[in-house]
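Side chains included, hydrogens not; waters and symmetry mates left out as well; all remaining heavy atoms used. Reminder, nothing fancy here: chain letters follow the sequence lines and each chain counts from 1. Please read these numbers as outputs of a predicted model, since none were measured by experiment.
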Amino acid sequence: MTDEKNTAAAPAPSDFIRDIVAQHVAEQRYAKIVTRFPPEPNGYLHIGHAKSICLNFGIAREHNGQCNLRFDDTNPAKEEVEFVESITTDVRWLIAGWADHCLAFKPKGAHPAPVTSNGKPDRYIAPVPPGENTEAFFASDYFDALYEYALELIRRGKAYVCDLSPEDTDKYRGAPDQPGRESPFRNRSVAENLDLFQRMKAGEFPNAARSLRAKIDMASPNVWLRDPLLYRIRHVPHHHAGDKWCIYPLYDYAHCLSDYLEGITHSICTLEFEVHRPLYDWILEALDLPRALPHQYEFAKLMPNYLIVSKRNLLRLVQEKVVSGWDDPRMPTISGLRRRGIPASAVRRFVTSVGVTKFNSVTDIALFEHAIRDELNTAAARRLAVLRPIKLVLTNIPAGESIPCAAVNNPQAENPTTRPIVLTREVFIETDDFAEVPPPKYFRLKPGGEVRLKYACIIKLDEIVKDAAGAITELRCTAQLDTRSGQPNADKKVKGTIHWVSATQCVDAEVRLYDRLFTVPEPAAEPDFIKVVNPKSLEVVQAKLEPSLASAQLEDRYQFERLGYFALDPKDSAPGKLVFNRTISLKDTWAK
RNA sequence: UGCCCGAUGGUGUAAUGGUAGCACGAACGACUCUGACUCGUUCUGUCUAGGUUCGAAUCCUAGUCGGGCAGCCA
């Protein structure tokens, strides 16, 4: 379906993170480059995540490395299996045929195993290729290991159990421009900390009654170093780990150690984690681990205009039924883009083309639209379809006669093939392709004017038939049959060529015309982005299609000539009931 | 008033002390049995002020502007 030619031919991208990786490869610092994509299963993946996926899998791919799909599931209150399933599907779709050989899973149910590294006891979880009895990595599979590491931190005097309430913890933390104060529980003995932490795990204390904290520096100018919490008490079951735990690790503690356990070399995340990096390093260094430590690198997230890219706001669109669901074709979610008919290759090309920097920028959505059109231009089969039909009668063709014509399937192909279509007395043309009072430079059908029916012949408009109310019911024309391909006057030139379908040999279909969801470039900056939803973001029409489209395939992409790119809706289309989504219109430089 | 990060045409990005380039976009033109594609021409840029240097987008200093950080979220 999707043509990989463009992506494959594109030069390997270069950016500051890839430069660092390339240097590490040159130095032979690591045996293998291992990255990871670590979503929290609390929502659907969107175009912003696609950038991270393509970065992480792209780097792995460029160095024969590996990229782990890992669920960062340390907060059971917000997470659901529905999301681990959708995320897995979306990631696999996005990288299919491109980097799936880099995707690493683990045996189903596997946990980190005891190993010996550099002569010292260690823990490691080995990757396997996705397949039977495998699954993605889960941070929650490391809870036992993480607990052991916490015990070790306590023994080393680098962590303590704190009895401060959440409110008091906040107060003691101070402010960015003001140092915090040390917790009164900061200097408990190792024995007491060990005892208390074990009892936290055993469920002896209620939610938030105590926490485990790293002992770092309450006066640090970086607030994340002011004795950050490592564990909190939450008496809730976990979607993956079951009901074994009532203490759950926090992101900063779990993430760096998960990276270590999986042997990640480059842990790539977005800019807001920059201030967390010292903590990431502190935890790993505090444990004196025997293998090479992972390192964190940060880049600016993708922010395209005319879109919202925030789980909270996307959720609102779903909940308030502005869209039909997370996979509504107007949503910037991966599932929405997929349902809309956008090839994964176009998503990849777009997110790669914007580059990787530390500069917060707004990317023009036109860049995405360009990537989509460009991929589809080579991949899509051309077909004739009329969205808003108006009847046209070719008065010199007898009723019942079928004149065979050959239509090109894809002019971009190296050896273009054709398919047969037929011209009949009655055809439909696009309402927009006729104007009784044409504007200047109007190339289409107008009174007394000539136009070519694509792949058929030139016609001349003789008569406009109207009903009693003055509405146009049909256009009567003369077909110049000697201007058909292969006929003596085939080369006759007219300014306009329009598409059409036979009125007697066509199929009906519902066609959904999608447009931008928002009318302003920065909807998220509005007081209420619901107020700037584009009322015309979805228009449904009953279209007439050429007969070959009756057997359209879900995975195929079509260009309805002169209109745009279309694909079958995977949810609502069924045998005998065609539903097409407009992926994107053709570029239109004809100012209306 | 604290700490961290950043700033190159309309947008995104490259140039790693040596000719500011590429893509998107826009405008105009050529071609055209898709007003698409393709091709051609044009458009607009190094945040400011000092300094180092034969030479600065790049290094230094100060400033300006923007983003991030005070969840028992990630």
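With A/S220 contributing its side chain and A/N222 its backbone, the two residues share a donor-acceptor pair below 3.5 Å. Side-chain atoms of A/Y172 never come within 3.5 Å of backbone atoms of A/M218 as a donor-acceptor pair (strictly under, hydrogens ignored).
Looking at heavy-atom distances under 4.0 Å, A/K587 makes contact with sugar-phosphate atoms alone, never a base. Across all strands, A/V408 comes closer than 4.0 Å to no nucleic acid atom at all (heavy-atom distances). A/K441 comes within 4.0 angstrom of a base, heavy atoms only. Residue A/Q178 is out of contact with every strand shown, counting any heavy-atom pair closer than 4.0 Å. Counting any heavy atom pair closer than 4.0 Å across all strands shown, A/D170 reaches sugar-phosphate atoms only and no base atom. Base contact: A/R382 has a heavy atom under 4.0 Å from a base atom. A/L230 comes within contact range of no nucleotide atom at all, as no heavy-atom separation falls under 4.0 Å. As judged by a 4.0 angstrom heavy-atom cut-off over every strand, A/S361 is placed among residues touching the sugar-phosphate backbone only. Among the atoms of the strands shown, only primed sugar atoms or phosphate atoms (P, OP1, OP2) are found under 4.0 Å from some heavy atom of A/A366. Backbone-only contact: A/E40 has heavy atoms under 4.0 Å from sugar-phosphate atoms and none from a base. Residue A/V275 is in base contact, counting any heavy-atom pair closer than 4.0 Å across all strands shown. Residue-level contact check: A/F273 touches the bases, meaning some heavy atom is under 4.0 Å from a base atom. Base engagement by A/P411 is indicated by at least one non-hydrogen atom pair under 4.0 Å involving a base atom. At a threshold of 4.0 angstrom between heavy atoms, the contacts of A/L250 are confined to the sugar-phosphate backbone, with no base atom among them.
Heavy-atom distances to RNA chain B give each of A/P166 and A/Y565 a nearest nucleotide, and the one nearer the 5′ end belongs to A/Y565. Positionally, the nearest nucleotide of RNA chain B for A/P221 lies more toward the 5' end than for the other of A/V356 and A/P221.
The side chain of A/K358 sits closest to B/G6 out of B/G2, B/C33, B/G6. Nearest nucleotide to the A/T497 side chain, out of B/A74, B/A14, B/U34: B/U34. Checking B/G35, B/U34, B/C72 against every side-chain atom of A/T169, the shortest atom distance belongs to B/C72. In the set B/G67, B/C72, B/U16, B/U16 carries the atom at the smallest distance from any side-chain atom of A/D19. For A/N75, whose side chain is taken as the heavy atoms from C-beta onward, the closest listed nucleotide among B/U34, B/G35, B/A74 is B/A74. When distances run from any side-chain atom of A/A208 to the nucleotides B/C73, B/C72, B/A70, the shortest one goes to B/C72. Relative to the side chain of A/L586, the nucleotides B/C5, B/A74, B/U34 differ in distance, and B/U34 lies closest.
Side-chain nitrogen and oxygen atoms of A/T363 include none within less than 4.0 Å of the OP1 or OP2 phosphate oxygen of B/U11. A/R373 has no side-chain polar atom (N or O) that falls below the 4.0 Å cut-off from OP1 or OP2 of B/C24. Contact annotation: A/R232 side-chain N/O to B/A74 OP1/OP2 distance is under 4.0 Å. Between A/H499 and B/U34 there is no side-chain N or O to OP1 or OP2 distance below 4.0 Å. Listed pair A/R562 / B/G35 meets the phosphate criterion, a side-chain N or O lying under 4.0 Å from OP1 or OP2. OP1 or OP2 of B/A36 sits under 4.0 Å from a side-chain N or O of A/T589. Using a 4.0 Å cut-off, some side-chain N or O of A/R173 falls inside it from OP1 or OP2 of B/G71. Between A/R234 and the phosphate of B/C73, there is a side-chain N or O to OP1/OP2 separation shorter than 4.0 Å.
Judged by Watson-Crick or G-U wobble contacts below 3.5 Å, the nucleotide B/G66 has B/C5 as its partner. Remark: B/A27 base-pairs with B/U41; criterion is Watson-Crick or G-U wobble with both hydrogen-bond distances under 3.5 Å. The nucleotide B/U16 finds no pairing partner, because no Watson-Crick or G-U wobble arrangement with both distances shorter than 3.5 Å includes it.
What separates NZ of A/K495 from P of B/U34 is a distance of 11 Å, to the nearest Å.
B/U44 and B/G21 have their P atoms separated by 13 Å, given to the nearest Å. A distance of about 40 Å separates the C1' atoms of B/G17 and B/C28, rounded to the whole Å. Annotation: B/A15 and B/A7 have their P atoms spaced 12 Å apart (nearest Å). For B/U19 and B/G12, the C1' atoms lie 24 Å apart once the distance is rounded to whole Å.
Annotated as anti: B/G50, whose O4'-C1'-N torsion sits more than 90° from 0.
With salt bridges taken as basic N to acidic carboxylate O contacts below 4.0 Å, one links A/R277 and A/E298. Look at A/R419 and A/E546 and you find a salt bridge, because one of the NZ, NE, NH1 or NH2 atoms lies within 4.0 Å of a carboxylate O, short of that distance.
Using cut-offs of 30° and 60° for the angle between ring planes, the A/Y44 and A/F83 rings count as perpendicular. Classification of the A/Y558-A/F560 ring pair by plane angle, with boundaries at 30° and 60°, yields tilted.
Summarising the local packing, NZ of A/K460 is surrounded by 12 or fewer heavy atoms from other residues, nucleotides or ligands at distances under 6.0 Å.
In this structure, A/H255 has its ring center closer than 6.0 angstrom to the ring center of A/Y251.
Stacking between A/F359 and B/A7 is absent: the ring centroid is not both under 5.5 Å from the six-membered base ring centre and under 30° in plane angle.
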